[in-house]
Structures are given as C-alpha cells and as structure tokens.
Amino acid sequence: MPGYRSLFRTPEFTPLFLGSAAQTAAQTVGGLALGTLVYRATGSPLLSAVSMFGPSLAQVLGASFLLSGADRLPPRTALGAIALVFAAGTAVQAVPGLPVGAVFGVVLVLGLVASLGGGVRWGLLNEVLDKGRYLPGRSLFNMMGGLLQIAGFATGGALLTAFSPRMCLLSAAGLYLLAALVLRLGLTARPPRAAGRPSAAATWRTNALLWSSRPRRLTYLGLWLPNGMVVGCESLYVAYAPHAAGTLFACGAFGMFAGDVAVGRLLPPAVRRRLATPLLLLLAAPYLVFCAHPPLPVAAVCVAVASVGFGASLLQQERLMELTPGELAGQALGLHSAGTLTLQGASATVAGTMAQLTSPAVGMTVMAAGSVCVTLALATAGRRSPAPEPEPAGAR
C-alpha cells in the first residue's frame, strides 16, 4: 500500500488536507461550545444533543435536492463558499441573546450547505488520487480528524472553563475563514466532473441509479445505520458527564485514530476484507456497559475501545468505490456522507428523547443495542447477496 508521505507529493492533496483540517478543528470547538451553550440555557439533553448533531438532520434534504452539485460544480469554488457560509453561520450563533429557535434555524441552514460539502470534498480526493491510493488518502483524512478532535475537544473544554461559549464560537468562525483562504489559494480551478447544471431532477436520477444495485444498497445501509446509532450515544456525553464531556469526546477521537491507523496502514488487504462486521460490532458493544452507569474512568475506556470500530467505514467506502462507476464517484460519496450525517442527526434526536424521558445511560445503552442488531442483520443479508454485475459507465 502507498505510504502517507507520497500523498503529500501529489498536487492539491496538501491544500485539500489542510483546509479540511481547519474545518474539522472549527467544527469540533464550535460544536462543543454550542452544545454547552444550549445545555446551560435549557438544561435539556435533547436540545443539547440536537444542537451539536442537528445539522446532520438537514442532510437528507440536501441529498434529495442539492447533491448533483457534487459533480457539477467547480470544486475549488464550492469548497471555499461552503467554508465561508459556515464561518458566517457560526458567528451568528455567537450573537448574545439569540433565541434558541433562531440557533436551530441556523443549524438547519448549515446542515443543508454541509450536505453538498462531503460529495465535493471526497469526489475531489478521488479525482486527485488514483483508486489505489484513495483508501490510504481517506485514512489519513480520518486520522487527521481524530487527532484534531482530541486536540479540539481538549482545547474546547479548556476554553470553556476560561471563556464563554460565545467566545469559543467566534474562534471556530475564524478557523472556518482560515479554511476558506487555504482552499482558495491552494487548489487549482478544476472544471466540474460532469456536464450540466445541478438540479433536483439530476440528483434524484443519479441517486436512483446508485440505489438500484442491491450490493450498493447494503453497503450504504452498513455505512449509515450502525455508525449513526453509535453517534447517538456520543450525543449524550454532555448530559452524561456535563463537566467532563470533552474528555469523553477526546477518548473517542483517540480510539477512532487508532482504528484508522490499523485499517489504513497495518492490516493487509486479505485481512481487511473480513473485518468490516467485527469492527462494527466493536463500535457498539462497549456502550452496553453504560447500563451500569460506569464512573468516568471506565466510561472513557469504553468510549476509546468502541471508537476503534469506526475504522470499518474505510473498508465500506473502499467497497462502495469498487461498486460505482468513476464519473458517479462524487455523488456516490456525497450520498454516503449525507446519509451518514442524516442518520447521526436522527439518532442524536432519538437518543436525546430517550435520555429526556429516562436517563443518558439508558439512552446510550438502547442505541448501542440497536446498532449491534442492525449490524448482524446486514451481515446476514450480505451473505445472501449475489455477486454484483458490472455497470456501464456513463449512466446518468
């Protein structure tokens, strides 16, 4: 497998990587600050969870109407504009006295914009790197995300003890501006990958084509459902440990980093292909311990061990690219990203509702049990699935 160092010698990889790093740092610091701000204002686990993961709920609308833009818009322009919109939206959320309803209105708008970002970014990565290097490239992005989440949640937790959540939100807005500048100056003005204007009709047509293959359907469901339910567990960290949520998020990011290193660099291909289901089971099973209301040190270990299982998404994305014609890569990866985030937002809402009615520990346990059951069901369905037939390129 190609080494990580060679990726940085590829034109455009470095600015794309650095711009994404700045956005990840902004999202980490800003998300923790917003969740804390809402929880302090309302005392509601549900509203706190939705404020952090609510933008994901809007992804389903973007996936339905905007996603054709992932292949039909110039990547540099689209990525820069998305970073600027997030900078403005995050700054608005920091306005003193802003009603909670207005906060969630901004959350919805940002979710719609974000639904396009995943397809543009990962479609460009797939274009910049040949197919043999997509998995290590995406692994490196995930590792960067894990490290920045460790640093971001730790830094965000420290900042929240010294400054107000609104000051932390303004810091996140500045990081989004930095990302926009890096992307604008570092990327070349590539043309869109597909001809035609973005439209709802084009989005629906290509989504239907992507969904028409049973192996692809099962791959998408495996990417969306188990992962989303476990993020529902994560959305309750603030309510479970209000003064140590940053520690739990940082432990989760550390586990995710370890899983990405193992899958992206250490495991040979023959072994990797057999590990998707075991990793998904690992992703959920440790959260079952939360039914016993473990103390913070035990909870932190469970979170770190479970998050190693996020490495399964690399294997599933590699499988998705094997099943997808190259000219549909942007929308295929955008549909994966939008669907994953939508299920994460929906799961955060369900988990927050259960926590509101029972307790955060009960909500986390139920979501983890659901993830285990879904993983086993999809593994059974996959064994019954016939071998995929090759599809003609150019179907649009």
Side-chain angles (χ1 to χ4, degrees), residues 31-32 35-36 38-39 42-54 56-57 149 153 221-256 258-259 276-313 340-380:
L32 182 58
T36 302
V38 171
Y39 189 69
T42 65
S44 169
L46 171 60
L47 294 180
S48 174
V50 174
S51 69
M52 293 185 69
F53 296 93
S56 306
L57 290 172
Q149 285 179 24
F153 284 125
L221 291 174
L223 282 161
W224 295 344
L225 293 172
N227 176 303
M229 291 180 176
V230 168
V231 170
C233 300
E234 294 181 341
S235 72
L236 297 177
Y237 289 169
V238 172
Y240 185 84
H243 302 294
T247 299
L248 294 179
F249 278 116
C251 289
F254 176 79
M256 184 174 67
T277 296
L279 283 172
L280 288 175
L281 292 174
L282 177 64
L283 180 62
Y287 282 100
L288 298 175
V289 175
F290 279 80
C291 66
H293 299 268
L296 181 62
V298 176
V301 171
C302 290
V303 166
V305 171
S307 297
V308 173
F310 279 115
S313 68
T340 298
L341 291 172
T342 296
L343 265 295
Q344 289 177 356
S347 296
T349 303
V350 172
T353 301
M354 284 191 289
Q356 190 86 28
L357 298 175
T358 56
S359 72
V362 170
M364 296 165 86
T365 304
V366 171
M367 298 304 292
S371 180
V372 169
C373 292
V374 168
T375 295
L376 293 175
L378 289 173
T380 301

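Source: prediction; values computed, not measured. For the single chain, residues carry numbers from 1 onward in sequence order.
Residues V362 and M354 fail the side-chain proximity criterion, which asks for heavy atoms closer than 4.5 Å. The closest side-chain heavy-atom distance from Y39 to L47 is not below 4.5 Å. Residues E234 and M364 fail the side-chain proximity criterion, which asks for heavy atoms closer than 4.5 Å.
Across all non-hydrogen atoms, the minimal contact from L248 to A241 is CD1-CB, 4.2 Å.
Atom OG1 of T277 and atom CG of L282 lie 12.5 Å apart (nearest 0.5 Å). Atom CG of L378 sits about 11.5 Å away from atom SG of C373, to the nearest 0.5 Å.
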> Please walk me through it: do M367 and V230 pass side-chain contact (heavy atoms from CB on, under 4.5 Å)?
Replying inline: CA-CA 6 Å; M367 298 304 292; V230 168; over 6 Å; no
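Taking the side chain to side chain contact (heavy atoms under 4.5 Å, CB included) definition, one finds that V372 meets it with L281, A284, L376, sequence neighbours left out. For F290, the ring-ring contact (aromatic ring centres under 6.0 Å, His included) partners at least two apart in sequence or on another chain are Y240, Y287. Applying the side chain to side chain donor-acceptor pair (under 3.5 Å) rule to S44 yields the partners Q356; only residues at least two apart in sequence or on another chain are considered. For A377, there are no side chain to side chain contact (heavy atoms under 4.5 Å, CB included) partners at least two apart in sequence or on another chain.
S371 places no side-chain N or O within 3.5 Å of a backbone atom of A368 that could act as its donor or acceptor partner.
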Please tabulate, for side-chain N and O atoms in residues 291-309, each donor-acceptor pair with protein atoms closer than 3.5 Å (sequence neighbours left out).
from	atom 1	to	atom 2	distance (Å)
S307	OG	G252	O	3.3
S307	OG	V303	O	2.9

Per-pair distances, 0.1 Å, donor-acceptor, side chain in residues 221-229, under 3.5 Å, sequence neighbours excluded:
from	atom 1	to	atom 2	distance (Å)
W224	NE1	H336	O	3.2
N227	OD1	Q344	NE2	2.7

